[in-house]
Amino acid sequence: MNILNFFIDASKMASNDYVGFTFFVGCMAMMAASAFFFLSMSSFDSKWRTSILVSGLITFIAAVHYWYMRDYWASFGESPTFFRYVDWVLTVPLMCVEFYLILKAAGAQKSLMWKMIFLSVIMLVTGYLGETVYSGQAALWGAISGAAYFVIVYEIWAGGASKLAASAGGAVQAAHKTLCWFVLVGWAIYPIGYMAGTEGWYSGIFGGLDMDVIYNVGDAINKIGFGLVVYQLAVDSK
Ligand SMILES: *C/C=C(C)/C=C/C=C(C)/C=C/C1=C(C)CCCC1(C)C
């Protein structure tokens, strides 16, 4: 797509196209956050650089996907489910890597990282199946996905990761705690989007909401917020 098309698409956006608007703003926000994280990297001790780099990669990967999703929505007026899940399957494991990176100094093993990555992939693949191939059984696939999500929540709040954070203490423990809240509250936005966009016993409750708007708001909060927590940790322990 060339730059002229970009402006033509933008100028054609209807004023009540909330989905298109959130794709557009989300794309800009992810780009700006990426520039911020990448450019701030050199001001930190080498110990934190990888963590900040990963924060930037998460928002950068999202910015590229938002570019495509914005265009897909503008062209077809349909949810860009495929791009959405490709984005998540790349960025959510990177968020698991962030947990590992900040706890590494406290003795975190790679096995913790792989366990969380594995759980996050189960969560996302089952969610994708429920939204697409097996949409007739969306509630069932959503429940399986939700179970994997709860195991992740357990691991970071009460499992091995939480013990490592407690032993690290100080700024690392504080940052870990904030990230735990992001996963518990921020990530809980996604199942709401899923219930808004699929059919199930919950349709009467969430059916009136727009799945893409909810997912887009969730992404902005979680991807940029997560990165800022890690950034703050690097600032505090300078
Ligand atoms: C940057 C993207 C992020 C942090 C995406 C997170 C996505 C989830 C936590 C999705 C969770 C889901 C469930 C817990 C059940 C229903 C299906 C999903 C995949 C929407």
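When a ligand or atom number is given, it counts from 1 through the structure's own listing order. In this text the structure is predicted, and so the values were computed from the model without any measurement. These values consider heavy atoms only, across backbone and side chains, with no hydrogens, waters or symmetry-generated copies.
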Going by the atom numbers of ligand 1, which of them fall below 4.0 Å from some non-hydrogen atom of Met95? 4 (C)
Here the atoms of ligand 1 under 4.0 Å from any heavy atom belonging to Pro191 are 14 (C)
Which of the numbered atoms in ligand 1 are below 4.0 angstrom from a heavy atom of Gly142? 15 (C)
Return yes when atom OH of Tyr68 has more than 12 non-hydrogen atoms of other residues, nucleotides or ligands closer than 6.0 Å, and no otherwise. no
Is the cationic atom of Arg70 (NZ for Lys, CZ for Arg) positioned less than 6.0 Å from the six-membered ring centroid of Trp67 and within 45 degrees of its normal? yes
Checking Tyr128 against Trp141 for the side-chain contact (heavy atoms from CB on, under 4.5 Å) test, could you report, in this order, the C-alpha distance in whole Å, the side-chain angles of both residues, the deciding distance, and whether it holds? CA-CA 9 Å; Tyr128 181 74; Trp141 289 95; over 6 Å; no
When rounded to the nearest 0.5 angstrom, what is the spacing between CH2 in Trp187 and OG in Ser120? 6.5 Å
Please tell me if the side chains of Tyr85 and Val89 come closer than 4.5 Å, counting only heavy atoms from C-beta onward. no
Could you identify the single nearest non-hydrogen protein atom to atom 16 (C) of ligand 1 and state the distance to 0.1 Å? Tyr194 CG, 3.5 Å
Going by atom types alone, do Asn216 and Tyr66 pair a side-chain donor with an acceptor below 3.5 Å? yes
Given Ser120, Ala138, Ser145, Gly127, identify the one with the heavy atom nearest to atom 12 (C) of ligand 1. Ser145
Could you pull out, from Tyr190, Tyr128, Tyr149, Tyr215, the option with a heavy atom nearest to atom 6 (C) of ligand 1? Tyr190
Can you list the ligand 1 atoms lying under 4.0 Å from a non-hydrogen atom of Val92? 2 (C), 3 (C), 4 (C), 5 (C), 6 (C)
Heavy-atom nearest option to atom 2 (C) of ligand 1, drawn from Arg84, Met123, Glu131, Lys223: Lys223
Which atoms of ligand 1 have any heavy atom of Tyr85 under 4.0 Å away? 19 (C)
Would you indicate whether the side-chain heavy atoms of Leu112 and Leu164 approach each other to under 4.5 Å? yes
Go through ligand 1 atom by atom and flag the ones less than 4.0 Å from a non-hydrogen atom of Asp219. 1 (C), 2 (C)
I'd like to check which ligand 1 atoms, numbered from 1 as shown, lie under 4.0 Å from a non-hydrogen atom of Trp187. 4 (C), 9 (C)
Ring pair (Phe, Tyr, Trp, His ring centres under 6.0 Å) pairs touching residues 145-172, sequence neighbours excluded, are Trp157-Trp181
Please check if any side-chain donor atom of Glu199 sits under 3.5 Å from a side-chain acceptor atom of Ser135, or the reverse. no
Under 4.0 Å from any heavy atom of Thr91, which atoms of ligand 1 are there? 1 (C)
Phe150: heavy atom below 4.0 Å from ligand 1, yes or no? no
